[in-house]
Amino acid sequence: MPELPEVETVCRGMRPLLDGAILSEVIVRRSDLRFPLPPDFAARLTGQQVVRLRRRAKYILMEMADGQTVIMHLGMSGRIKLIAAADQPSARPLAKHDHVVFITDRGDYLVYNDPRRFGFMDMCAGDTLLSHKLFRDMGPEPLGNEFHPNGLTARLAGRKVAIKQALLDQKNVVGLGNIYVCEALFEAGISPFMAAGQVTMEQLERLVPRIQQVLRRAIEAGGSTLKDYARVDGELGYFQHSFRVYGREGEACKTKGCSSMIARAVQGGRSTFYCPVCQHVD
DNA sequence: CGTACACCCTGGCCGC
DNA sequence: TGCGGCCAGGGTGTAC
C-alpha cells in the first residue's frame with residue numbers, strides 16, 4: 001500500500017485516539033513479520049504512554065513517555081485499523097492477519113494487519129533513532145526544506161541509473177514509491193529512462209515542485225487505494241482517480257492535444273507507466 | 001558503481 | 001469449480 005501520502009494519512013488518523021493514550025494491553029498474535037518483533041515487545045510497551053506520533057519517510061514513529069520509540073513499516077499490504085471503544089462488538093474484533101493489537105486505557109483498539117507480512121516493527125531509544133540503520137542513510141523528506149534541486153543534482157551527479165530508479169532509492173529522497181514516481185515524472189515531462197546524472201538542472205527545477213505537488217494532492221485525497229490500503233477508519237483514499245499514468249497502460253494520455261497512449265515498461269523489475277510523447281521517450 | 005535477479009509472503013485475477 | 005501462472009504499493013541481498 002503505502003507511499004508517503006498513505007503513511008502520512010494513516011499517521012494523522014492515529015493521532016486522535018493514540019496521542020496521550022496509555023497502552024493498557026499489547027497483544028502479539030504473530031511475531032514473525034518481515035523481521036521478528038524485538039524481544040519482550042509487548043511487555044516493554046504495556047503501561048507506557050504515547051506522547052507523539054510522527055512520520056519519517058514511509059515509517060510511522062510512535063514515541064513513548066519512557067523515551068522509547070516504536071518504528072512501524074507497512075510494507076506492501078500493511079494496514080492500521082482503529083476501532084473506537086464505542087464501536088466495538090462484545091467479542092474482540094480481530095480478523096485474519098491482525099498481527100499486533102494495541103489496546104488503550106480508553107478501550108480503543110489499534111490493529112496492525114498485514115497479509116503479506118512485508119511490514120515490520122522495531123523499537124529503539126528515541127535518541128538513537130537517527131543512527132538506527134533504517135534511518136542513517138536516508139535522503140531528505142520531499143516536503144521539507146532540505147529537498148531542493150541543488151541538493152538533488154548533487155546526489156544524482158554522475159549516476160547512470162535511470163531517474164525512475166534513482167527516485168525510488170530512499171538515499172536520494174524518501175517517501176516516493178512506484179506510483180508517485182511515475183506520476184511526478186509524467187507531470188514534469190521527464191523520461192523515466194534518462195540517466196539520473198544526465199537530468200538537467202532545468203528539469204530538476206521542474207521535477208522537485210511536481211513531486212511536492214503530487215504528494216500534497218495525494219495527502220489531501222487521503223492517499224490512493226488500489227487494493228489493500230484504507231485509512232484508519234476504513235474509508236478509502238481517492239487519489240487513484242487522479243492518476244495520469246499509473247495503471248493506465250493502453251489508455252489515452254490525458255494531456256490536452258496529446259493523442260498518445262500510455263505505455264508500460266519494466267525497470268528494476270517494477271512497472272513504469274509513462275507517456276512516450278509528453279515525456280519525450282524515443 | 002550498475003544491472004539483473006531472487007527473495008520475503010499472501011491473495012486476487014486471468015486464462016484454460 | 002479448480003489450477004497454474006502472473007501480478008502487486010517495499011526493501012534487501014546476491015552475483016556478475
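In the set C/dG9, B/dG11, B/dC8, the nucleotide with an atom closest to the side chain of A/F118 is B/dC8. Nearest nucleotide to the A/R159 side chain, out of B/dG2, C/dG10, C/dA8: B/dG2. Checking C/dG10, B/dG12, B/dT10 against every side-chain atom of A/K227, the shortest atom distance belongs to B/dG12. Nearest nucleotide to the side chain of A/H97, out of B/dT10, C/dG9, C/dA8: B/dT10. Among B/dG2, C/dG11, C/dG9, the nucleotide with an atom closest to any side-chain atom of A/K58 is C/dG11. Ranking C/dA8, C/dG11, B/dC9 by closeness to the A/R117 side chain, first place goes to B/dC9. Closest to the side chain of A/Y246, out of B/dC9, C/dT12, C/dG9, is C/dG9. Among the nucleotides B/dT3, C/dG11, B/dG11, the one closest to the side chain of A/V161 is B/dT3.
Here A/S224 does not reach the OP1 or OP2 of C/dG9: none of its side-chain N or O atoms lies under 4.0 Å away. Look at A/Q170 and you'll find a side-chain N or O under 4.0 angstrom from OP1 or OP2 of C/dG11. Contact annotation: A/R270 side-chain N/O to C/dG9 OP1/OP2 distance is under 4.0 Å.
The one candidate from A/E183, A/R270, A/K164 that meets the side-chain hydrogen bond (donor to acceptor under 3.5 Å, both in side chains) condition with A/N178 is A/K164.
Atom CG in A/L74 sits about 16 Å away from atom C1' in B/dC9, given to the nearest Å. In this structure, the CZ atom of A/R56 is 16 Å from the C1' atom of C/dG11, given to the nearest Å. The nearest whole Å value for the distance from the CD atom in A/E249 to the P atom in C/dC6 is 16 Å. Atom-to-atom, CG of A/D122 to C1' of C/dG11 comes out at 15 Å; the value is rounded to the nearest Å. At whole-Å resolution of the value, NE2 in A/H73 and P in B/dC9 are 17 Å apart. A/D228 has its CG atom 18 Å from the P atom of C/dC7, to the nearest Å. For A/L156 and B/dG2, the CG to C1' distance is 15 Å, given to the nearest whole Å. Spacing between atom CG of A/D169 and atom P of C/dG11 amounts to 10 Å, rounded to whole angstrom units.
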* How is the base pairing of DNA chain C summarised as a dot-bracket string, given the Watson-Crick and G-U wobble criteria with both distances under 3.5 Å, [ ] for crossing and | for another strand? -> .|||||||.|||||||

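Between the side chain of A/R116 and the base of C/dA8, at least one donor-acceptor pair of N or O atoms lies under 3.5 Å.
Here, B/dC13 and C/dG9 have their P atoms 16 Å apart, quoted to the whole Å. Across B/dC5 and C/dC6, the matching P atoms stand 14 Å from one another, rounded to whole Å.
As judged by a 4.0 angstrom heavy-atom cut-off over every strand, A/K96 is placed among residues touching the sugar-phosphate backbone only.
A salt bridge is absent between A/E220 and A/R216: the closest approach of a Lys/Arg side-chain nitrogen to an acidic carboxylate oxygen does not fall below 4.0 angstrom. Ionic pairing of A/R44 and A/D66 is not present here: no N-O contact between side-chain nitrogen and carboxylate oxygen is shorter than 4.0 angstrom. Residues A/R79 and A/D228 are not paired through a salt bridge, judged by the lack of any N-O separation under 4.0 Å between the basic side chain and the carboxylate.
In this model, no donor atom of one side chain and acceptor atom of the other lie less than 3.5 Å apart for A/T9 and A/R231.
The CD1 atom of A/I71 sits 5.5 Å away from atom CG of A/L129, with the distance rounded to the nearest 0.5 Å. Rounding to the nearest 0.5 Å gives a distance of 9.5 Å between CG of A/L82 and OG1 of A/T104.
The aromatic ring centroids of A/Y59 and A/F135 lie less than 6.0 Å from each other.
Mapping A/R30 and A/G269 onto DNA chain B by nearest heavy atom places A/G269 closer to the 5' end of the strand. With DNA chain B read from its 5' end, the first of the two nearest nucleotides for A/G158 and A/G268 is the one closest to A/G158.
Taking the six-membered ring where tryptophan is involved, the planes of A/F35 and A/F120 are perpendicular, since the angle between them exceeds 60° and thus also 30°.
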